[in-house]
K.L.:
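Before I ask anything, let me first share the structure, which is written out below as structure tokens.
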Amino acid sequence: MKGGETVGKLKIGFFDSGVGGISVMTAARRVLPDAEYIYYADEAHVPYGTKPHEEIIRYADEAVSCLASHGVDAVVVACNTATSIAIEYLREKYDLPIIGMEPALKPAVRSHPNEKILLCATPVTIAGEKLHHLIEKSGAEPTLVPLPGLVAFAEQGVFDKETVCEYLAEEIGNERDFAAVVLGCTHFSFFRDCFRELFGERVDIVDGNVGTVKRLVSVLGDKIDDCCAESGSVRYFISGEEADSGKIVLFESLAARYERVLNI
């Protein structure tokens, strides 16, 4: 399948099981503000992080098929779980660049060699071979903690610090002497303020968004230079159907939240 031709406008597709990938797309919009973005939130099947592999592959295929039908120049699988399970299948099937996510363990290890690192992700990502290969290559031995509740909080719009920090403390336990905390799910990036509240100023909080956007820019290459310099835009789809005005307001509010917590 072809991603289609760009006619004076760079078009980039993003998809996630729900709202988490909005954090990645927001990071991309900072770097490529003139592009046209299409965001696909698979809310009919969220969360992916507790589902069988076959289902995740099927849902990811449906998402990329929808984005490809709109003539995107590249797709960002803005979901660590979908990347872990479905990225090879998607790259074999679709004739367009497909960029995946992975937990930002390598930059965390580079910045904090021989120090303690906490890596938080969904249960499927933590159990997956892809993450364990990444850990093996890094030479690190991070503490792994699944946090599926954060996905539910993000989808439900629950950002109250007291509620979220209570959940984090219960799941992570009393250990606080980590040099870095890796946020291995795009939903988790909306809660940087809550991780900071729990761990204090000393800890380095790392997600994979910046690295993913750098990879996107590298893959697009000359297409970025050929893009017309005009105001960018975003269209949102929910499991294949275009989002209504109420959902668009919600999605844009989440993008604004990510901007607020980005440097916390």
Side-chain angles (χ1 to χ4, degrees), residues 16-21 23-24 27 47-51 79-85 101-212 257-258 260-264:
D16 183 29
S17 61
V19 302
S23 67
V24 193
Y48 283 3
T50 55
K51 286 188 166 54
C79 173
N80 293 83
T81 299
T83 298
S84 176
I85 303 305
M101 300 283 302
E102 68 177 22
L105 179 60
K106 287 188 285 188
V109 172
R110 281 198 302 269
S111 298
H112 304 280
N114 304 313
E115 294 184 89
K116 292 177 64 173
I117 294 173
L118 172 67
L119 194 159
C120 303
T122 67
V124 167
T125 297
I126 285 178
E129 289 183 9
K130 195 172 183 67
L131 176 60
H132 289 274
H133 288 155
L134 178 66
I135 291 171
E136 186 176 337
K137 286 192 296 183
S138 76
E141 296 182 359
T143 299
L144 305 178
V145 176
L147 294 174
L150 283 190
V151 177
F153 285 151
E155 293 295 327
Q156 296 162 12
V158 177
F159 297 108
D160 173 67
K161 275 188 182 180
E162 183 176 352
T163 300
V164 176
C165 286
E166 182 179 345
Y167 168 77
L168 291 177
E170 183 176 331
E171 296 300 315
I172 294 169
N174 296 324
E175 197 169 1
R176 298 286 183 271
D177 60 338
F178 296 103
V181 176
V182 178
L183 307 183
C185 171
T186 55
H187 285 79
F188 298 0
S189 295
F190 295 119
F191 300 98
R192 294 177 71 96
D193 55 341
C194 299
F195 280 95
R196 178 65 67 209
E197 183 81 9
L198 190 68
F199 287 101
E201 294 297 325
R202 182 188 59 80
V203 73
D204 190 10
I205 300 173
V206 188
D207 66 27
N209 293 357
V210 171
T212 299
R257 175 175 176 80
Y258 179 69
R260 288 196 302 273
V261 303
L262 188 56
N263 296 317
I264 289 176

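Quick note: numbers below take in every heavy atom, side chains included, and nothing from hydrogens, waters or symmetry partners. Note that the coordinates shown come from a computational prediction; the quantities given were computed from them, not determined experimentally.
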K.L.:
Return the set of residues passing ring-ring contact (aromatic ring centres under 6.0 Å, His included) with F195 (not counting sequence neighbours), or none when no residue passes.
P.N.:
none
K.L.:
Any chance the side chains of T125 and S84 put a donor and an acceptor closer than 3.5 Å?
P.N.:
no
K.L.:
Measure the spacing between CD1 of I172 and CZ of F178 and express it to the nearest 0.5 Å.
P.N.:
7.5 Å
K.L.:
Can you check whether F199's main-chain N or O pairs, donor with acceptor, with R202's side chain at less than 3.5 Å?
P.N.:
no
K.L.:
Does D177 CG have over 12 foreign heavy atoms under 6.0 Å away?
P.N.:
yes
K.L.:
Within a reach of under 6.0 Å around CD of E175, are more than 12 heavy atoms found that belong to other residues, nucleotides or ligands?
P.N.:
yes
K.L.:
Do any N or O atoms from the side chain of S23 and from the backbone of G20 form a donor-acceptor pair under 3.5 angstrom?
P.N.:
yes
K.L.:
Does the side chain of T83 come within less than 4.5 Å of E102's, by heavy atoms?
P.N.:
no
K.L.:
Identify all side-chain donor-acceptor contacts of residues 137-154 below 3.5 Å with residues at least two apart in sequence or on another chain.
P.N.:
residue	atom	partner	partner atom	Å
S138	OG	I135	O	2.7
S138	OG	A140	N	3.1

K.L.:
Distance from N80 atom CG to I126 atom CD1, nearest 0.5 Å?
P.N.:
10.5 Å
K.L.:
Flag yes if more than 12 heavy atoms outside E166 fall under 6.0 Å of its CD atom; otherwise flag no.
P.N.:
no
K.L.:
Counting N and O atoms only, with roles assigned by atom type, does the side chain of E197 sit under 3.5 Å from a partner on the main chain of K161, one being a donor and the other an acceptor?
P.N.:
no
K.L.:
As an exercise, state the distance from CD1 of I117 to NE2 of H112, rounded to the nearest 0.5 Å.
P.N.:
7.0 Å
K.L.:
Within the 3.5 Å criterion, strictly below it, is a donor on Y48 or D16 matched to an acceptor on the partner's side chain?
P.N.:
no
K.L.:
Over all heavy atoms of both residues, which pair between V124 and G49 is shortest? Give the atoms and the distance, please.
P.N.:
CG2-O, 2.9 Å
K.L.:
Between D204 and V181, does a side-chain contact (heavy atoms from CB on, under 4.5 Å) hold up when you go through it step by step?
P.N.:
CA-CA 6 Å; D204 190 10; V181 176; over 6 Å; no
K.L.:
Answer yes when R192 and D207 have at least one side-chain N-carboxylate O distance shorter than 4.0 Å, and no when they do not.
P.N.:
yes
K.L.:
Is it the case that the side chain of R257 and the backbone of F190 share a donor-acceptor pair, with hydrogens and angles ignored and the cut-off at 3.5 Å?
P.N.:
yes
K.L.:
Quick check: are there more than 12 heavy atoms from other residues, nucleotides or ligands sitting under 6.0 Å from NZ of K116?
P.N.:
yes
K.L.:
In Å and rounded to the nearest 0.5 Å, what is the CG to CZ distance from L198 to R176?
P.N.:
4.0 Å
K.L.:
Got P103 and L134 here, is their nearest side-chain heavy-atom distance under 4.5 Å?
P.N.:
yes
K.L.:
Write down the atom of A108, the atom of A180, and the distance for their closest heavy-atom approach.
P.N.:
CB-CB, 4.3 Å
K.L.:
Which value, rounded to the nearest 0.5 Å, describes the distance between C194 atom SG and F159 atom CZ?
P.N.:
9.0 Å
K.L.:
Take L105 and L119 through the test side-chain contact (heavy atoms from CB on, under 4.5 Å) and record every step on the way to the result.
P.N.:
CA-CA 8 Å; L105 179 60; L119 194 159; 4.2 Å; yes
